[in-house]
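Notes for the one structure printed next.
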Amino acid sequence: MISAQDWEDARLLWDFQLMHHEPRPCSVGLGLGSHDLGVADTTVDLYRRGMMPLIVFTGATSRTTQGRMPRGEAEHYRDRALELGVPADAILVEPHARNTGQNITLSRALLTERGIKVSSVLLVSKPYEERRAYATARKLWPEVEFVSASTPMTLSAYADSIQDARLVIDMLVGSLQRLLIYPAQGFMIQQDVPDEVIRAYERLVTRGFTSRVVPEAAGSAGSSSA
């Protein structure tokens, strides 16, 4: 049962993840693979608006996507983009990444291999992972400028689209936890997290929304050095 307090806390985490960047033309668009084909749709929309000349879709499979995207997240994203009319020569596929860090490093390597110069990246993710993706990218590819983007929608609309509200809240909790603990591990830049967001996170952990947290740190809610 998801209580009214759970939803309120989840909205605090959702709102914090949104970077509120204004999309602008960049060297390349990077669509981060996941279970959500909406990332591909939004990347295509931004391409049509002239925000990038080239798209890189990145991602292998995960426990969430291995059944629904058996050929890999990036490949299914590419198929979606082709269906929506993007020319094949405007899409590159990075099919091996299994986490956000690899999304960045392997895509960077692919672009370097192709001789494509990059000064800015339009980073397209799920709404609740905008800040996590941005913090990771800034750490691992510091010499380029990143602009975050995602499908504009509310938490309730997103949960309805996924049809698994508990999974969405679990993923919100997991994303926030990584913002707290990963900077100390060298995986992303430090982000200031408001106290009210940390308290909301702690309440959701206590309520058991923990299927996407790092297990050994599940009880270390407020500590960025856990």
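Every value quoted in this text rests on a predicted model; they were computed, and no experiment measured them.
Atom-to-atom distance recorded for Phe16:CZ and Glu130:CD is 12.0 Å, nearest 0.5 angstrom. Interatomic distance, CG of Asn103 versus CZ of Arg98, reported as 11.5 Å (0.5 Å rounding). Atom CG in Leu111 sits 8.0 Å away from atom CG in Leu30 (nearest 0.5 Å). Taken from OG1 in Thr206 to CD in Glu202, the straight-line distance is 7.5 Å, to the nearest 0.5 Å. To the nearest 0.5 Å, atoms CD (Gln102) and OG1 (Thr136) are separated by 12.0 Å. One distance of note links CG of Leu106 with CG of Leu140; it measures 10.5 Å at 0.5 Å rounding.
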Worksheet item: Can you check side-chain hydrogen bond (donor to acceptor under 3.5 Å, both in side chains) on Tyr158 and Ser150, steps first, answer last?
Response: CA-CA 12 Å; Tyr158 189 82; Ser150 65; over 6 Å; no

Fill in: Derivation of the side-chain contact (heavy atoms from CB on, under 4.5 Å) call for Arg48 and Leu84
CA-CA 10 Å; Arg48 287 173 171 167; Leu84 294 173; 3.7 Å; yes

Item to complete: For side-chain contact (heavy atoms from CB on, under 4.5 Å), just list the numbers for Arg178 and Thr100, CA-CA rounded to whole Å, side-chain angles, deciding distance to a tenth of an Å, and then say yes or no.
Response: CA-CA 11 Å; Arg178 284 156 178 78; Thr100 307; over 6 Å; no

Practice prompt. Report the C-alpha distance between Leu92 and Leu110 in whole Å, list the side-chain angles of each, state the deciding distance to 0.1 Å, and finish with yes or no for side-chain contact (heavy atoms from CB on, under 4.5 Å).
Written response: CA-CA 9 Å; Leu92 294 178; Leu110 174 62; 4.0 Å; yes

Worksheet item: Between Ser175 and Gln17, is a side-chain contact (heavy atoms from CB on, under 4.5 Å) present by the stated rule, with each step listed?
Response: CA-CA 9 Å; Ser175 291; Gln17 282 284 349; 3.5 Å; yes

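Comment: Arg203 engages Asp9 in a salt bridge, judged by a side-chain N to carboxylate O separation of less than 4.0 angstrom. The pair Arg132-Glu129 counts as a salt bridge, with a side-chain nitrogen and a carboxylate oxygen less than 4.0 angstrom apart. With respect to Asp15 and Arg11, no salt bridge is recorded, no charged nitrogen being found less than 4.0 Å from a carboxylate O.
The shortest heavy-atom contact between Gly31 and Thr43 is CA-OG1, 4.0 Å. In terms of heavy-atom proximity, Gln190 sits nearest to Pro183 at OE1-CB, 3.3 Å. Considering all non-hydrogen atoms of both residues, Val39 and Ser125 come closest at CG2-C, 3.7 Å. Across all non-hydrogen atoms, the minimal contact from Ile104 to Ala137 is CD1-CB, 3.8 Å. Contact record, Ser120 with Arg24: CB-NH2, 4.0 Å, taken as the closest heavy-atom pair. The shortest non-hydrogen separation linking Ala149 to Leu122 is CB-CD1, 4.2 Å.
For the residue pair Ser34/Tyr77, the side-chain donor-acceptor check at 3.5 Å is satisfied. Side chains of Asp6 and Ser3: a donor on one and an acceptor on the other come within 3.5 Å.
In His21, the NE2 atom is crowded: over 12 heavy atoms of neighbouring residues, nucleotides or ligands sit closer than 6.0 Å.
Remark: the backbone N or O of Val56 is not paired with any side-chain donor or acceptor of Glu94 at under 3.5 angstrom.
Under a cutoff of 6.0 Å and an axis angle of 45°, Arg166 and Phe209 form a cation-pi pair. Annotation: cation-pi pair Arg138/Phe146 absent, no NZ/CZ under 6.0 Å from the ring centroid and within 45° of its normal.
Criterion: ILVMFWY side-chain heavy atoms under 4.5 Å apart, direct or through other members. Under it, Val124 and Ile116 are not part of a common hydrophobic cluster. Follow the hydrophobic side-chain contacts under 4.5 Å out from Trp141 and you never reach Tyr182; the two are in separate clusters. Linking Ile, Leu, Val, Met, Phe, Trp and Tyr whenever their side-chain heavy atoms come within less than 4.5 Å leaves Tyr134 and Met52 in two separate clusters. Met19 and Leu180 are members of different hydrophobic clusters when ILVMFWY side chains are connected at heavy-atom separations under 4.5 Å.
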